[in-house]
Amino acid sequence: MQFGIFTVSDITQDPTTGRTPTEAERIQATVAIAKHAEEVGLDVFALGEHHNPPFWSSSPTTTLAYIAGQTSTLQLSTATTLITTNDPVKIAEDYAMLQHVSGGRADLMIGRGNTGPVYPWFGKDIRQGLPIAVESYELLHRLWREDVVDWEGKFRTPLQGFTSTPRPLDGVPPFVWHGSIRTPEIAEQAAYYGDGFFANHIFWPASHTQRMIALYRQRFEHHGHGTAAQAIVGLGGQVFMRRNSQDAVRDFRPYFDNAPVYGHGPSLEEFTQQTPLTVGSPQEVIDRTLGFRDYVGDYQRQLFLVDHAGLPLKTVLEQLDLLGEVVGVLRTEFAKNRPAEVPDAPTHASLVAAKYGDEAPRQATPNANRGDNLTVGASPYQDAPAPAGSAFGPAATRAGGAR
């Protein structure tokens, strides 16, 4: 099971000092947070995408590539990549490149986002958000699995003889999580493709998350990807810790009360009772997190939000120190009585092994061409004979791989 943190990249005034960090300070702080996450033994760092103040992360792949160069084990992901307003071609290119420069330590979570005005900024209609998400992912999925794509849809210009470059590392696309808070159609999309489903799990009650994941598991099995227990599930969560719970509540209260997303609404006590937000001691966080399994089953990835609402860098790094201790216990406890059929979270290494077995993975090498990225007929790549069932090499067909 993987444990990590995610950030939405907000730049928020610290209510205890009245100071708001600059964009430059917040960007550098985020890099420091990611590096410290690896130092304390976490597995994953995920970065959101926004295109408006007070958020700074408009180009997650740029930041994640920089972090990749300063880390060695940290899995780099997103929270989320906007499938609705980004061009699927650019997503295919950018995340394949991140895959290469990180040595395979990259996956992504795709989603529709929660900022309405972003749609017209990128020439999209928010009323078509869900159909755009479905169509765009269908194209992205093909671009990573077929060397040559002919495609026509409703929401972007057609493609003829198009090859997305670079090809995925070792011929294996980055693993995709479909992230959602409340949309069952996204759970269905994840299940249809056999991808992961990430339930945000930070604003809604446990009963809602339980229903969403149960739907995803049921449909994952229906589409023939394995049993419901083998579906790939991730959860979000929010925590704030001190050594004793009274200090945690006292220290976090001003941040909660003034946070843009939930300040001036339900009290801290009401919110922690009704949602998975946990403010307390490390043991309380351990107990609450272990309880998630009671209503979603055994799952593969747990990410925590720890740097929001104006918390200063010093406090966030202290949170990571405590989270490192908590995760050590969680790894042990979640491993107990975990059924053998429940898979681990996919990694590049595990996906390569599943695809090729003992065979050497694909290393894409282009043939000579005119340089116009247009291919008629066969793949523009020269390859050694591909493993059985591969979408690449002499065994490939233009129609490409399976779902």
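Nothing fancy with the numbering, it's 1 onward along the sequence.
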(request) Dump the intermediate steps for side-chain contact (heavy atoms from CB on, under 4.5 Å) on Ile110 and Thr78, then the final yes or no. (result) CA-CA 8 Å; Ile110 62 169; Thr78 54; over 6 Å; no
(request) Identify the two heavy atoms, one from Ile232 and one from Gln300, that lie closest to each other, and give their separation to 0.1 Å. (result) CA-OE1, 3.4 Å
(request) Would you give the length of the straight line joining atom NE2 of His308 to atom OG1 of Thr7, rounded to the nearest 0.5 angstrom? (result) 9.5 Å
(request) Quickly, which of Asp344, Asp43, Asp107 forms a side chain to side chain donor-acceptor pair (under 3.5 Å) with Arg301? Name it, please. (result) Asp107
(message) Is any side-chain heavy atom of Glu221 closer than 4.5 Å to one of Arg217?
(response) no
(message) Using salt bridge (Lys or Arg N to Asp or Glu O under 4.0 Å), reason through Glu333 and Lys336 one step at a time and then give a plain yes or no.
(response) CA-CA 5 Å; Glu333 294 301 316; Lys336 292 179 179 178; 3.1 Å; yes
(message) Testing the basics here: between Leu320 and Ile33, what is the closest heavy-atom pair and its distance to 0.1 Å?
(response) CD1-O, 3.5 Å
(request) Looking only at non-hydrogen atoms, find the nearest pair between Leu303 and Ala46 and report the distance. (result) CD1-CB, 4.0 Å
(message) What's the separation between atom CD1 in Ile91 and atom CG in Leu108, rounded to the nearest 0.5 Å?
(response) 7.5 Å
(request) Using modelled atom types only, decide if a donor and an acceptor are shared between the side chain of Gln230 and the backbone of Thr227 within a distance under 3.5 Å. (result) yes
(request) Output yes when a side-chain donor or acceptor of Ser57 lies under 3.5 Å from a complementary backbone atom of Gly48, and no otherwise. (result) yes
(request) Check whether more than 12 heavy atoms from other residues, nucleotides or ligands sit under 6.0 Å from atom CE of Met1, and answer yes or no. (result) yes
(message) Using modelled atom types and a 3.5 Å cut-off, is there a donor and acceptor pairing between side-chain atoms of Thr289 and backbone atoms of Val285?
(response) yes
(request) Could you tell me whether a side-chain N or O of Thr183 sits under 3.5 Å from a main-chain N or O of Ile186, the two making a donor and an acceptor? (result) no
(request) Sort out for me which residue in Val148, Leu139, Asp150 forms a side chain to side chain contact (heavy atoms under 4.5 Å, CB included) with Leu159. (result) Leu139
(request) For Glu49 and Asn86, test the side chains for any donor-to-acceptor distance below 3.5 angstrom and give the result as yes or no. (result) yes
(request) Would you mind reporting whether Phe197 and Ser180 have side-chain heavy atoms less than 4.5 Å apart? (result) yes
(request) Kindly compute the distance separating CZ (Arg253) from CZ (Phe240), expressed to the nearest 0.5 Å. (result) 12.0 Å
(request) Output, in order, the C-alpha distance, side-chain angles, deciding distance and verdict of side-chain contact (heavy atoms from CB on, under 4.5 Å) for Val249 and Glu269. (result) CA-CA 9 Å; Val249 171; Glu269 287 74 16; 4.2 Å; yes
(request) Assess the pair Phe6 and Phe304: is the distance between their ring centroids shorter than 6.0 Å? (result) no
(request) State, yes or no, whether a side-chain contact exists between Lys154 and Pro131 at a heavy-atom distance under 4.5 Å. (result) no
(request) Answer yes or no: is there a donor N or O on one side and an acceptor on the other, between the side chain of Gln319 and the main chain of Met241, under 3.5 Å? (result) yes
(request) Please indicate whether Asp294 has more than 12 foreign heavy atoms, meaning atoms of other residues, nucleotides or ligands, lying under 6.0 Å from its CG. (result) yes
(message) Between Leu235 and Ile213, is there a side-chain heavy-atom distance shorter than 4.5 Å?
(response) yes
Compile the donor-acceptor pairs under 3.5 Å between side chains in residues 62-73 and protein atoms, sequence neighbours left out, one pair per line.
residue : atom : partner : partner atom : Å
Thr62   : OG1  : Ser59   : OG           : 2.6
Tyr66   : OH   : Gln70   : NE2          : 3.1
Gln70   : OE1  : Lys35   : NZ           : 3.0
Thr71   : OG1  : Ile67   : O            : 2.9
Thr71   : OG1  : Arg105  : NH1          : 3.0
Thr73   : OG1  : Glu38   : OE1          : 3.1

(message) Once rounded to the nearest 0.5 Å, what's the spacing between atom CG of Asp94 and atom CD of Gln99?
(response) 12.5 Å
(message) If I compare all heavy atoms of Leu42 with all of Leu74, which pair ends up nearest, and what's the gap?
(response) O-CD1, 3.8 Å
(request) Output yes when Arg242 and Glu284 qualify as a salt bridge under the 4.0 Å nitrogen-oxygen rule, no when they do not. (result) no
(message) The test is side-chain contact (heavy atoms from CB on, under 4.5 Å); show your working for His201 and Phe292 and say whether it passes.
(response) CA-CA 10 Å; His201 198 222; Phe292 297 165; 3.7 Å; yes
(message) So, taking the atom named CZ in Arg167 and the one named CD in Glu93, what distance separates them when rounded to the nearest 0.5 Å?
(response) 10.5 Å
(message) Between Gln75 (side chain only) and Val44 (backbone N and O only), is there a donor and an acceptor less than 3.5 Å apart?
(response) no
(request) Taking atom types as modelled, find out whether Thr12 and Tyr255 have a side-chain donor-acceptor pair closer than 3.5 angstrom. (result) no
(request) Please name all residues satisfying side chain to side chain contact (heavy atoms under 4.5 Å, CB included) with Glu138, sequence neighbours left out, ordered by chain then number. (result) Arg142, Trp151, Tyr193
(message) Is the shortest side-chain heavy-atom distance between Ile5 and Leu323 below 4.5 Å?
(response) yes
(message) Testing the 3.5 Å rule here: is there a donor-acceptor pair between the side chains of His223 and Glu188?
(response) yes
(message) Run Leu215 and Arg211 through side-chain contact (heavy atoms from CB on, under 4.5 Å) and show every step you take.
(response) CA-CA 6 Å; Leu215 171 64; Arg211 289 194 297 270; over 6 Å; no
(message) In terms of relative ring orientation, are Phe334 and Tyr299 parallel, tilted or perpendicular, with 30° and 60° separating the classes?
(response) perpendicular
(request) Drop me the distance from Phe203's CZ to Leu277's CG, to the nearest 0.5 angstrom. (result) 9.5 Å
(message) In the structure I gave you, are the side-chain heavy atoms of Thr22 and Arg26 within less than 4.5 Å of one another anywhere?
(response) no
(request) Would you confirm whether Trp144, through its side chain, and Ala92, through its main-chain N or O, come within 3.5 Å as a donor-acceptor pair? (result) yes
(request) Locate the shortest heavy-atom distance separating Ile11 from Pro21; write the atom from each residue and the value. (result) CG2-O, 3.2 Å
(message) Less than 4.0 angstrom from a charged side-chain N to a carboxylate O is my criterion; do Asp147 and Arg362 meet it?
(response) yes
(request) Would you check if there is a donor-acceptor pair between the side chains of Tyr137 and Asp195 at a distance under 3.5 Å? (result) yes
(message) Check whether Tyr95 reaches the backbone of Pro168 with its side chain - one donor and one acceptor, N or O, closer than 3.5 Å.
(response) no
(request) Could you tell me whether the side chain of His225 and the main chain of Tyr192 form a donor-acceptor pair under 3.5 Å? (result) yes
(request) Check whether the side chains of Thr278 and Gln238 place a donor and an acceptor atom closer than 3.5 Å, and report yes or no. (result) no
(message) When you compare the side chain of Val279 with that of Leu268, does any pair of heavy atoms fall below 4.5 Å?
(response) yes
(request) Answer whether the closest heavy-atom distance between the side chains of Gln302 and Leu330 falls below 4.5 Å. (result) no
(request) Report yes or no: do Asp10 and His50 form a side-chain donor-acceptor pair below 3.5 Å? (result) no
(request) Indicate yes or no for a side-chain donor-acceptor contact from Ser350 to the backbone of Thr347 under 3.5 Å, with no hydrogens or angles considered. (result) yes
(message) Checking Gln283 now: which residues fulfil side chain to side chain contact (heavy atoms under 4.5 Å, CB included) with it, not counting sequence neighbours?
(response) Ser281, Ile286, Asp287
(message) Looking at Glu185, I'd like to know if its CD atom is crowded, meaning that more than 12 non-hydrogen atoms belonging to other residues, nucleotides or ligands lie closer than 6.0 Å.
(response) yes
(message) Can you give me the closest heavy-atom contact between Tyr381 and Pro366, atom names plus distance?
(response) CD2-N, 3.6 Å
